[in-house]
Amino acid sequence: MNLQEWLEKEFILKKEFIKQEIEKSGTLKVTYTKENKRFLIPKIFDEYESSKQFYLPVQIPFHEKLGSGIALDESTFALLKRKFRAFKFQKKNKEEDRIKLQIHISKKTLSQFDKISKNNNLKDTVDCLEYITNKYYTNQQEHKKEIENLKTELQYKEDKIRNLEHDVSSLRKIIKQEENLKNKSRDDLVGYLMQTSINANCKLAEYELFIKNQSDLNLEIIPLLSKEEAQRIKTKFEKELELTRLKIYALNSSDPVEGVNNFKY
């Protein structure tokens with residue numbers, strides 16, 4: 001790579017490096033030609049020796065972006081290239097807040113580093129360490145995200161379980177209310193039957209008392225009820241008794257019976 005190509009590659013960084021080399025009394029210094037053109041030459045070169053003035057093998061007569069020409073000998077050019085690599089490395093360390101760290105690792109670990117670097121097109125061990133660190137960080141982030149997703153899913157399922165428990169509790173209350181209602185309806189029907197029986201017995205007692213008080217009543221000649229009327233009362237009572245039995249069965253059955261509320265005596 002000639003001087004022109006070397007200067008053009010990463011020119012902004014090279015310009016900063018050359019400025020530093022001039023200002024900090026490094027490898028280069030500024031001089032001017034007889035035409036008053038600015039030139040950069042090696043610091044060790046004596047521009048006042050007319051026999052050697054600007055007769056250096058590596059030259060750029062004038063570079064517009066740099067604002068000067070450069071004239072170097074081979075050894076100074078090689079020195080600049082080495083110093084630029086160090087300058088670039090130090091600048092990168094400063095920008096990325098790197099620190100120098102000396103460690104001793106086993107040959108096996110170094111071999112693994114080389115293998116990782118080769119498989120992932122990494123330049124050196126530093127890039128390999130950064131790659132491994134970034135990969136670890138990425139895995140941690142993914143693991144953390146997975147944990148958060150599992151927590152969210154667990155919370156959703158816990159909420160669903162609580163809702164189901166609430167629904168079960170509500171259904172149990174409804175079933176209990178239905179059972180209480182059935183028991184109440186059954187008790188009401190039993191009470192009705194008992195009251196009907198009591199009323200019938202009371203009515204029968206009234207009839208018996210009335211008959212006993214009628215000493216002149218010939219029961220053999222004038223029966224209390226005709227056979228037809230007695231059969232009609234008996235049929236009606238049997239029908240009411242059957243309907244009542246069916247309603248009690250329907251209200252206490254586990255299978256719903258349609259029209260139970262429409263049963264009539």
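Side chains are part of it too, since the values below use all heavy atoms of this structure and drop only hydrogens, waters and symmetry mates. None of these values were measured; they are calculated from a predicted model.
S170 places a side-chain N or O within 3.5 Å of a backbone atom of H166 that can act as its donor or acceptor partner. In terms of modelled atom types and a separation under 3.5 Å, the side chain of S169 and the main chain of E165 share no donor-acceptor contact.
Across every non-hydrogen atom of M1 and F77, the tightest pair is O-CE2, 3.8 Å. Nearest heavy-atom pair, K29 versus P42, reported as atom, atom and distance to 0.1 Å: CE-O, 3.6 Å. Of all the heavy atoms in I116 and L122, the pair that sits closest is O-CD1, 4.2 Å.
By the 4.0 Å N-to-carboxylate-O rule, K88 lies close enough to E10 to be salt-bridged with it. Taking a cutoff of 4.0 Å between a charged side-chain nitrogen and a carboxylate oxygen, K91 and E95 qualify as a salt bridge.
For the atom pair L40 CG and I70 CD1, the distance stands at 5.0 Å (nearest 0.5 Å). Rounded to the nearest 0.5 angstrom, N120 CG and D127 CG are separated by 11.0 Å. The distance from atom NZ of K14 to atom CG of L80, rounded to the nearest 0.5 Å, is 10.0 Å. The CD atom of E21 sits 11.0 Å away from the OG1 atom of T76 when rounded to the nearest 0.5 Å. One distance of note links CG of L150 with CD of Q155; it measures 13.0 Å at 0.5 Å rounding. To the nearest 0.5 Å, atoms CD1 (I105) and CZ (F113) are separated by 5.0 Å.
Linking ILVMFWY side-chain heavy atoms closer than 4.5 Å, directly or via other members, places W6 and L79 in two distinct hydrophobic clusters.
At most 12 heavy atoms of other shown residues, nucleotides or ligands fall within 6.0 angstrom of atom CZ in R172. In the displayed structure, F11 atom CZ is contacted under 6.0 Å by more than 12 heavy atoms of other residues, nucleotides or ligands. More than 12 heavy-atom neighbours from other residues, nucleotides or ligands sit within 6.0 angstrom of CD1 on I147.
No side-chain N or O of S117 forms a donor-acceptor pair with one of D114 less than 3.5 Å apart. Side-chain atoms of N149 and E153 form no donor-acceptor pair, as typed in the model, at a separation below 3.5 Å. Inspection of the K83 and T27 side chains reveals an N or O donor paired with an N or O acceptor under 3.5 Å. Under 3.5 Å, the side chains of H63 and E8 contain a donor-acceptor pair of N or O atoms.
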Inset, instruction - Check step by step if side chain to side chain contact (heavy atoms under 4.5 Å, CB included) holds for L72 and L3. - result: CA-CA 9 Å; L72 303 173; L3 180 58; 4.0 Å; yes
Inset, instruction - Would you check, one step at a time, whether the test side chain to side chain contact (heavy atoms under 4.5 Å, CB included) holds for K81 with R85? - result: CA-CA 6 Å; K81 287 190 285 187; R85 287 194 292 270; 4.2 Å; yes
Inset, instruction - In sequence, state the C-alpha distance, the side-chain angles, and the governing distance for L7 and I18, and then conclude on side chain to side chain contact (heavy atoms under 4.5 Å, CB included). - result: CA-CA 10 Å; L7 185 63; I18 290 172; 3.6 Å; yes
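For K37 and Y32, the positive end is not near the middle of the six-membered ring at less than 6.0 Å and at most 45° from its axis.
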